[in-house]
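What you are looking at is a predicted structure, and each value in this text was computed from that prediction instead of being measured.
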Amino acid sequence: MSLQLYLPETRYTVASLPLRDYLAAVEALRDAVSSASSAHPESFVSLVRDKQEITLIIAEEIWHDNSARFPEAQARGDWRMIRFDTIL
């Protein structure tokens with residue numbers, strides 16, 4: 001079985017948001033996908049809602065453009081993605 005690692009240069013922010021920001025997070029994600037498709041077609045985005053919080057993983061530059069929408073967010077940036085290209 002062949003295994004290849006892909007290490008894109010894009011830096012990501014992981015943000016924890018309160019549940020009441022769910023609609024704004026969905027809208028930010030929609031905007032990010034729209035802008036990423038032209039500027040960064042391989043950008044990764046993730047939105048996870050559980051019973052205590054929302055977790056948003058998004059490219060740092062997109063987070064900086066949208067962070068004012070989320071004044072209560074706890075965010076950390078400078079993360080990189082490691083992607084494994086293999087058949088599981």
Going by salt bridge (charged side-chain N to carboxylate O under 4.0 Å, His left out), name the residues that satisfy it together with [X], two or more places apart in sequence or in a different chain.
| X | answer |
| --- | --- |
| Glu27 | Arg69 |
| Arg80 | Glu9 |
| Asp50 | none |

Quick check for you: to the nearest 0.5 Å, what is the distance between Gln52 atom CD and Thr55 atom OG1?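 Answer rounded to 0.5 Å: 10.5 Å.
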With rounding to the nearest 0.5 angstrom, report the CG to CD1 distance, Leu29 to Ile57.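 Taking CG in Leu29 and CD1 in Ile57, the distance rounds to 11.0 Å.
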Arg83/Asp85 ion pair, N-O < 4.0 Å: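 Answer for the salt bridge query: yes.
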Do [X] and [Y] touch side chain to side chain, with heavy atoms closer than 4.5 Å?
| X | Y | result |
| --- | --- | --- |
| Leu19 | Ile54 | yes |
| Tyr22 | Leu47 | yes |
| Val14 | Arg76 | no |

Between Thr13 and Gly77, which heavy-atom pair has the shortest distance, and what is it?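 What the structure gives for the nearest pair is OG1-CA, 3.7 Å.
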Measure across Ile58 and Val45 and return the closest heavy-atom pair with its distance rounded to 0.1 Å.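 Residues Ile58 and Val45, closest heavy atoms: CG1-CG1, 4.1 Å.
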Report the C-alpha separation of Thr10 and Met81 in whole Å, then their side-chain angles, then the decisive distance to 0.1 Å, and conclude whether the side chain to side chain contact (heavy atoms under 4.5 Å, CB included) test is met. CA-CA 8 Å; Thr10 304; Met81 177 177 59; over 6 Å; no
Check the orientation of Tyr12 and Phe44. Use parallel for under 30°, tilted for 30 to 60°, and perpendicular for over 60°.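 Aromatic pair Tyr12/Phe44 classed perpendicular.
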In terms of side-chain heavy atoms, does Ser16 have a donor or acceptor partner in Gln74 at a distance below 3.5 Å?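 Looking only at side-chain atoms, Gln74 and Ser16 do not form any donor-acceptor pair under 3.5 Å.
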With a sphere of 6.0 Å drawn around CD1 of Ile82, does it hold more than 12 non-hydrogen atoms of other residues, nucleotides or ligands?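 12 or below, so no.
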Test item: Glu72 side-chain N/O and Leu17 main-chain N/O as donor-acceptor pair under 3.5 Å: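 No.
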